[in-house]
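Working notes, beginning with the structure itself.
Throughout, numbering of the chain's residues begins at 1 and tracks the sequence. Both backbone and side-chain heavy atoms feed into the values below; hydrogens, waters and symmetry mates do not.
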Amino acid sequence: MRRDPRDDLEYRTTMGTKAIDPQSIRNVTIIGDPADTARVTARLRRRCATTAWVTDRVEHTIHIAEVSSHAPIAATERAIRVADGVIAVVPAAARGGARLETLLRVADDHQVARLCVVTGLDRPDADFDRCIRTIAGIRGAVPLPVQLPTGTGTGFHGAIDLVPMWALAPMGTEFYGSRWQIAEQRFRDLVAAVAEQDGAGDTPEVPPARLHDRIRRLTRIGEAVPVLCDTAPWSDDPAALLDAVVRYLPSPMHVCQPEHALDQ
């Protein structure tokens with residue numbers, strides 16, 4: 001049965017801690033091959049399946065579950081169906097990935113918001129753009145790369161966050177050096193893709209908070225899938241992914257719609 005947001009509120013009140021706004025809760029399920037999801041799940045959970053996280057100066061509670069793509073399809077489908085949001089782990093070096101495509105289609109069928117994380121960008125045969133094309137080939141949503149990898153293979157050192165690019169424009173070259181022009185073009189592509197979906201115009205002068213809001217609305221109604229890069233192998237920082245979960249995936253209060261029926 002889908003988690004009732006009031007359960008979290010009542011539990012914390014009973015235990016003598018402060019009550020929390022159900023809109024600050026995120027119940028997410030991570031899907032993908034175990035070899036790819038294990039590192040992502042461990043980094044997000046740290047010590048437990050529930051993570052407290054502050055984004056934009058607001059405290060959130062994130063409940064994290066993991067579903068292996070090796071599980072029976074019926075069990076996997078149910079786990080996706082009752083999730084409020086899904087994180088799909090996409091291997092950068094893989095070709096095809098029919099199973100993962102099936103899981104993303106299940107999420108689309110049940111109107112479950114999702115975002116994708118591309119892992120293994122340090123592999124010699126990694127191809128970030130190929131992953132974007134694969135996601136684009138799955139019906140139901142337009143991929144929105146909100147990050148740009150700083151190289152691939154042995155040249156991968158992390159990712160550039162594209163959303164705040166407009167605010168950083170005066171110091172762009174200082175921040176990103178030779179990558180600035182590529183990052184700026186990818187930012188313009190992101191804004192254009194968002195505008196094509198929501199019809200709000202594609203002026204490049206979009207403050208980060210406004211762009212976050214537009215992407216969140218498209219993600220929650222299933223029109224878009226934000227795509228992030230996993231961290232470099234030597235990093236264990238979950239900040240970018242946790243921020244994306246909070247900013248783009250819905251709270252339980254935003255999925256209680258007639259077309260998103262509760263699982264009994």
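Placement of Ile182 and Val163 within a single hydrophobic cluster is found when ILVMFWY residues are connected by side-chain heavy-atom separations under 4.5 Å, directly or transitively.
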Side chain to side chain contact (heavy atoms under 4.5 Å, CB included) between Val90 and Thr119, intermediate numbers included | CA-CA 6 Å; Val90 182; Thr119 62; over 6 Å; no
Does the pair Ser24 and His60 meet the rule for a side chain to side chain donor-acceptor pair (under 3.5 Å), with working shown?
-> CA-CA 5 Å; Ser24 70; His60 295 80; 5.8 Å; no
Full working for side chain to side chain contact (heavy atoms under 4.5 Å, CB included) between His212 and Thr55 = CA-CA 12 Å; His212 283 311; Thr55 295; over 6 Å; no
Please lay out, stage by stage, how Arg247 and Asp56 fare under the test side chain to side chain contact (heavy atoms under 4.5 Å, CB included).
-> CA-CA 9 Å; Arg247 287 170 174 155; Asp56 301 326; 2.9 Å; yes
Could you give me the CA-CA distance, side-chain angles and deciding distance for Asp84 and Arg26, then say whether side chain to side chain contact (heavy atoms under 4.5 Å, CB included) is met?
-> CA-CA 7 Å; Asp84 296 333; Arg26 299 293 185 273; over 6 Å; no
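Under the 3.5 Å distance criterion, the side-chain polar atoms of Arg130 are matched with a main-chain donor or acceptor of Ala92. Proximity of a side-chain donor or acceptor of Thr152 to a complementary backbone N or O of Asp125 within less than 3.5 Å is not detected. In this structure, Glu66 contributes its side chain and Ile30 its backbone to no donor-acceptor pair below 3.5 Å.
You'll find the side chain of Thr150 reaches within 4.5 Å of the side chain of Ile160, heavy atoms only. For the pair Met165/Trp180, a side-chain contact is recorded, criterion being any heavy-atom separation below 4.5 Å from C-beta on. Residues Val227 and Leu144 form no side-chain contact, since every pair of their non-hydrogen atoms from C-beta on lies 4.5 Å or further apart. Using a 4.5 Å cut-off on side-chain heavy atoms (C-beta onward), Val118 and Asp230 make no contact. Under the 4.5 Å side-chain criterion, counting only non-hydrogen atoms from C-beta, Thr76 is not in contact with Val106. Within the 4.5 Å cutoff, no side-chain heavy atoms of Arg81 are placed close to those of Val112. No side-chain heavy atom of Thr50 sits less than 4.5 Å from a side-chain heavy atom of Ile64. Two residues are said to be in side-chain contact when any heavy atoms from C-beta on lie closer than 4.5 Å; Asp122 and Thr154 fail this criterion.
Contact detail for Cys116 and Val225: the closest heavy-atom pair is SG-CG1, 3.6 Å. In this structure, Pro145 and Leu162 approach most closely via the heavy-atom pair O-CD1, 3.5 Å. Closest non-hydrogen pair, Ala79 versus Thr29, comes out as O-OG1, 4.0 Å. Nearest heavy atom pair, residue Trp234 against residue His157, reads CH2-ND1, 3.6 Å. Taking both residues in full, the closest heavy atoms of Leu121 and Pro149 are given as CD1-CB, 4.1 Å, listed atom of the first, atom of the second, then distance. Val117 and Leu115 get closest at one heavy-atom pair: CG2-CD1, 4.0 Å.
Thr102 contributes atom OG1, which lies 10.5 Å from atom CD of Glu77 (distance to the nearest 0.5 angstrom). The distance from the CD atom of Gln147 to the CZ atom of Phe128 is 8.0 Å, given to the nearest 0.5 Å. Rounding to the nearest 0.5 Å gives a distance of 12.5 Å between CD1 of Ile221 and CZ of Arg216. Residue Trp53 holds its CH2 atom at 10.0 Å from CG of Leu241, rounded to the nearest 0.5 Å. Rounded to the nearest 0.5 angstrom, Arg214 CZ and Leu190 CG are separated by 9.5 Å. Interatomic distance, CZ of Arg39 versus CG of Leu44, reported as 10.5 Å (0.5 Å rounding).
Under 4.0 Å is where a charged nitrogen must lie from a carboxylate oxygen, and between Arg105 and Asp109 no such pair does. Asp129 has a carboxylate O that lies under 4.0 Å from a charged side-chain N of Arg186, or vice versa, which qualifies the two as a salt bridge.
Judged by distance alone, the side chains of Arg43 and Ser235 never bring a donor and an acceptor atom under 3.5 Å apart. Residues Ser251 and Gln23 bring no donor and acceptor atom of their side chains to less than 3.5 Å of each other.
Heavy-atom contacts from other residues, nucleotides or ligands closer than 6.0 Å to CD of Gln181 number 12 or fewer.
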